[in-house]
There are 2 protein chains.
Amino acid sequence: MQNSEAMALSAALLAVAGELTQRIHEGVVARGFEGVRPAHGFAFTRLAPGGATVTELAAHLGVTKQAASQLVDEIVRKGYAERRPHPGDARARLVVLTERGWDCTRAAEEAAAEAVRPWVELLGESEVRALRDRLLRIAPYGPIRPAW
Amino acid sequence: MQNSEAMALSAALLAVAGELTQRIHEGVVARGFEGVRPAHGFAFTRLAPGGATVTELAAHLGVTKQAASQLVDEIVRKGYAERRPHPGDARARLVVLTERGWDCTRAAEEAAAEAVRPWVELLGESEVRALRDRLLRIAPYGPIRPAW
DNA sequence: GTAAATAGTCAAGCTGCTTGACCACATGGA
DNA sequence: TCCATGTGGTCAAGCAGCTTGACTATTTAC
């Protein structure tokens, strides 16, 4: 594959990612969840399955644990999560979503569906599913980092 | 399309975008261009076709013109671009890439090709081209914004 | 039982962005 | 032609989110 083709692919991918992030964020805010940043959404997806420690969250977001701790401070203060004692490790604390945190997560899913709708209208549902499948196959396992 | 499917698509897209940005950046640095950030790359693509004013660059990056001006300061100081008087508007200044700026742009294209190579090995060239074509069709025209 | 590793926080500093103020030049109407 | 308004650009100050460094409490390993 030529360099220029790879660059066009990259540019398109990053443009779509930027647009998507912005639309999801706007949709979440429009549903009444203010003071929440896109990075919080990525934290929520890590906390959702049953909570996580600050260190686990830091690894998932690709930041220092101090930064993750500050982020947790913020979402706790805003009522989206709470810190509980960790069962089995008295040093650690388990960060779990509150009911409001779950509401916000569901709002983000709705906003994502809304953001993707124009793609379905343009490409058709099967094409979008194919897009998803291909992206899932090349998606990395490592930490989720901001695009830039 | 279900909300959960849209969310999976979004998560995969953003994960791939983050990984891609990081790999291109690493590739550019590995080719000897230090002190350059991913945002600079997006500036370069706007400057490349024949230069741009600070205001045009700000619109392209989706930031204030003050921020764009600071970014131009930086890439000028590092030797990637220079400010010239604007032909036809004495208020404006045309920011153009230097030879080193062009070298860096070509390095970014090489790095992009390198980052995309694993996808070609995994999905095959025609599938990756199809991916590119679909992304190009849903890519927005507006400013390029960081994914988060 | 003690030394090293790990979870978490506090504090200070830096970087890249923002808002606000301002000057130089351009544009359009009397 | 002259002036009022709009636009391109920069300077300055402030802020948000991250970093590094230092420290305590607890766990793990020998």
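Reckoned from all heavy atoms, side chains included, excluding hydrogens, waters and symmetry mates.
Residues from residues 32-39 of chain B lying near DNA chain C, meaning a heavy-atom separation below 4.0 Å, are B/Arg37 in numerical order. Of the residues in residues 84-94 of chain B, those lying under 4.0 Å from DNA chain D by heavy-atom distance are B/Arg91, B/Ala92, B/Arg93. Applying a 4.0 Å cut-off to non-hydrogen atoms, the residues of residues 50-74 of chain A that approach DNA chain C are A/Thr53, A/Val54, A/Thr55, A/Lys65, A/Gln66, A/Ser69, listed by residue number.
In this structure, B/Arg145 does not reach the C/dC17 phosphate: none of its side-chain N or O atoms is under 4.0 Å from OP1 or OP2.
Taking every heavy atom of both residues into account, B/Ala43 and B/Leu61 meet most closely at N-CD2, 4.1 Å. Here the closest non-hydrogen pair linking B/Cys104 and B/Phe44 is SG-CE2, 3.7 Å. Scanning both residues, A/Leu94 and A/Ala52, for their nearest heavy atoms gives CD1-N, 3.6 Å. The two residues B/Val96 and B/Gly51 come nearest to each other via the heavy atoms CG1-CA, 3.9 Å. Here the closest non-hydrogen pair linking A/Val28 and A/Val36 is CG1-CG1, 3.9 Å. Summarising the geometry of A/Val63 relative to A/Ala68, their closest heavy-atom pair is CG2-N, 4.0 Å, with the distance given to 0.1 Å.
Think of the region where chain A sits on DNA chain D: with heavy atoms and a 4.0 Å cut, that region ends 5' and 3' at D/dG17 to D/dT27.
Within the structure, the salt bridge (Lys or Arg N to Asp or Glu O under 4.0 Å) test picks out the following pairs touching residues 113-122 of chain B (sequence neighbours left out): B/Arg31-B/Glu114. Residue pairs meeting the salt bridge (Lys or Arg N to Asp or Glu O under 4.0 Å) criterion with at least one member in residues 135-148 of chain A: none, sequence neighbours excluded. For residues 17-27 of chain A, the salt bridge (Lys or Arg N to Asp or Glu O under 4.0 Å) pairs, not counting sequence neighbours, are A/Glu19-A/Arg23.
With sequence neighbours left out, A/Glu34 forms a salt bridge (charged side-chain N to carboxylate O under 4.0 Å, His left out) with no residue at all. With sequence neighbours left out, the salt bridge (charged side-chain N to carboxylate O under 4.0 Å, His left out) criterion links B/Arg132 to A/Glu5. Every residue meeting the side chain to side chain donor-acceptor pair (under 3.5 Å) condition with A/Arg37, not counting sequence neighbours, appears here in chain and number order: A/His40, A/Glu74. The salt bridge (charged side-chain N to carboxylate O under 4.0 Å, His left out) search around B/Asp133 returns none, not counting sequence neighbours.
A salt bridge is absent between B/Arg100 and B/Asp103: the closest approach of a Lys/Arg side-chain nitrogen to an acidic carboxylate oxygen does not fall below 4.0 angstrom.
No more than 12 heavy atoms of other residues, nucleotides or ligands lie within 6.0 Å of CZ in A/Arg84, so this atom counts as exposed by the packing criterion.
Note on the helix from C/dG1-D/dC30 to C/dA30-D/dT1: terminal axis deviation equals 30°, with five pairs used at each end and the result rounded to 10°.
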